[in-house]
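Written out below as structure tokens is the structure these notes cover.
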Amino acid sequence: MTTRDYLTIDDFDVDGKTVLVRVDLNTPMDTEGNILDDMRIKSHIPTIMDLEDAKVVLVAHQSRAGKKDFTTMFPHSQRMSQYLGKEVKYVDDIFGTYARSAISSMEKGDVILLENVRFYSEESIERPAKDHATTHMIRKLFPLIDIFLNDAFAVSHRSHLSIMGFTEILPTGAGRVMEKEISSLDRGIKGGARPCIFVLGGVKVDDSLKVAENVLTNGGADRVLVTGVVANVMLAAAGVDIGEVNLDFIESQGYTNQIEKGKQVLEKFEGKIGLPQDVAFNDGGKRVEVHVSELPDGNLPINDIGLETIVTFSEEIKNAKTVVLNGPAGLSEMEPFALGTHEIIKAAVNSEYSIAGGGHISAEVRNLGYEDKFSHLSTGGGACIDYLAGEVLPGIEALRAAATRYNLNR
Ligand code: 3PG
């Protein structure tokens with residue numbers, strides 16, 4: 001007997017139907033537009049294979065407006081075609097005439113991928129399903145679609161148009177990625193082996209501080225260790241002069257206001273947040289270790305946690321029973337600065353239940369060949385930690401609401 005409170009592919013007759021699937025293909029890419037890691041692309045293949053009798057319309061995003069990798073979905077369609085063993089047709093449109101005629105002329109077994117849905121600015125407005133349902137995009141696509149599936153766990157913490165807009169007006173369920181994420185993360189939460197440590201790194205400072213606050217307030221974690229840009233912000237919040245170039249970087253990401261937020265979090269959770277004791281500067285590509293009490297007046301970027309921090313954090317992580325890693329500890333794509341991320345990953349696999357979330361850190365787990373040593377590699381970054389922190393993810397709530405409606409209407 002299943003305890004699911006949402007519908008899945010198994011609950012629908014998809015034969016010959018047009019199924020719109022929101023997937024998360026947001027992928028690390030270099031400045032030439034090459035895909036650096038295709039874990040998310042690969043992750044959706046089982047969902048698409050289970051829809052082989054349907055006409056599958058994929059909707060996805062790549063990055064955010066203003067970022068260098070905010071680009072077309074063409075490379076994603078090519079990579080997906082390779083994995084699927086048949087063409088995933090790239091359609092250079094989202095809901096205009098070209099997209100609609102491409103959908104209308106599909107045959108059973110066809111798969112198309114529409115253009116980056118965030119090229120349409122209304123996509124990223126956070127609002128409830130009923131408001132999204134009346135937008136142009138939904139009105140234009142709705143008559144062509146029979147079933148909506150949300151397989152984009154990784155962006156289901158955002159109440160965005162393509163996550164919410166169809167859920168109140170079409171039969172709606174979860175894809176295979178979504179199902180696996182919910183069941184694996186639930187196992188992690190319910191297992192609850194203590195101590196539980198969250199290690200929060202990467203660049204999404206706002207999301208990370210929110211999670212630190214949540215898990216420490218609701219008792220979801222015993223300690224939070226910070227690395228990456230999150231750590232730089234927290235060091236600045238603790239009064240450490242991290243240097244102009246690092247402050248400029250924080251500003252360029254729009255996170256200067258998070259320094260004040262960081263101060264409040266540090267005060268509120270005294271002793272519960274582990275900051276780096278030392279950092280690794282990038283001096284012309286060379287790694288230079290400096291204790292935070294001795295930071296020079298220089299203009300060098302901090303690109304990793306330092307060796308002393310690696311040792312103390314690793315020790316703490318090894319002694320934890322549940323470890324959740326999110327975001328890399330440093331610039332893991334540059335060899336000298338991947339050390340912190342790699343050592344933290346190696347320490348985490350000693351715990352009873354280990355979860356890694358976020359594209360970049362999951363990529364490093366795979367680079368190290370540690371995939372099988374983790375209890376669960378989440379496709380989500382912010383979505384994963386929000387879920388673990390006990391937050392309600394709008395995309396998942398919408399699936400539950402749709403299931404209730406569906407059962408009531410039967
Ligand atoms: C992610 O990479 O975490 C998801 O695709 C969501 O992306 P976002 O943080 O830009 O909304």
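Just follow the structure's listing: the first ligand is 1, and inside any ligand the first atom is 1. Index from 1, following the sequence.
- Of all protein heavy atoms, the one lying nearest to atom 10 (O) of ligand 1 is Arg64 NE, 2.7 Å.
- Close approach to His61 involves these atoms of ligand 1, each under 4.0 Å from a residue heavy atom: 4 (C), 5 (O), 6 (C), 7 (O).
- Only the side chain of Arg40 comes within 4.0 Å of ligand 1, judged by heavy-atom distances.
- With hydrogens left out, the protein atom closest to atom 3 (O) of ligand 1 is Lys204 NZ, 3.0 Å, a heavy atom.
- Closest to atom 11 (O) of ligand 1, if we only count protein heavy atoms, is Arg158 NE, 2.5 Å.
- At least one heavy atom of Arg118 sits less than 4.0 Å from an atom of ligand 1.
- No N or O atom of His160 sits closer than 3.5 Å to an N or O atom of ligand 1.
- A donor atom on one side chain and an acceptor atom on the other are not found under 3.5 Å apart for His157 and Glu391.
- For Asp222 (side chain) and Cys196 (main-chain N/O), a donor-acceptor pair under 3.5 Å exists by modelled atom type.
- The residues Arg127 and Glu122 are annotated as salt-bridged, a charged nitrogen and a carboxylate oxygen being separated by less than 4.0 angstrom.
- Arg79 pairs by the side-chain hydrogen bond (donor to acceptor under 3.5 Å, both in side chains) definition with Asp38, not counting sequence neighbours.
- Checked options Thr27, Asn26, Asp69; the residue passing with Ser63 is Asp69 (criterion: side-chain hydrogen bond (donor to acceptor under 3.5 Å, both in side chains)).
- Interface of Asp24 with ligand 1, defined as ligand atoms under 4.0 Å from a residue heavy atom, comprises 4 (C), 5 (O).
- Ion pairing of Glu397 with Arg400 is present here, as a side-chain N (NZ or NE/NH1/NH2) and a carboxylate O approach within less than 4.0 Å.
- A cation-pi geometry, defined here as NZ or CZ lying under 6.0 Å from the six-membered ring centre and within 45° of its normal, holds between Lys373 and Tyr370.
- For the residues Asn26, Thr379, Asp207, the heavy atom positioned nearest atom 7 (O) of ligand 1 is part of Asn26.
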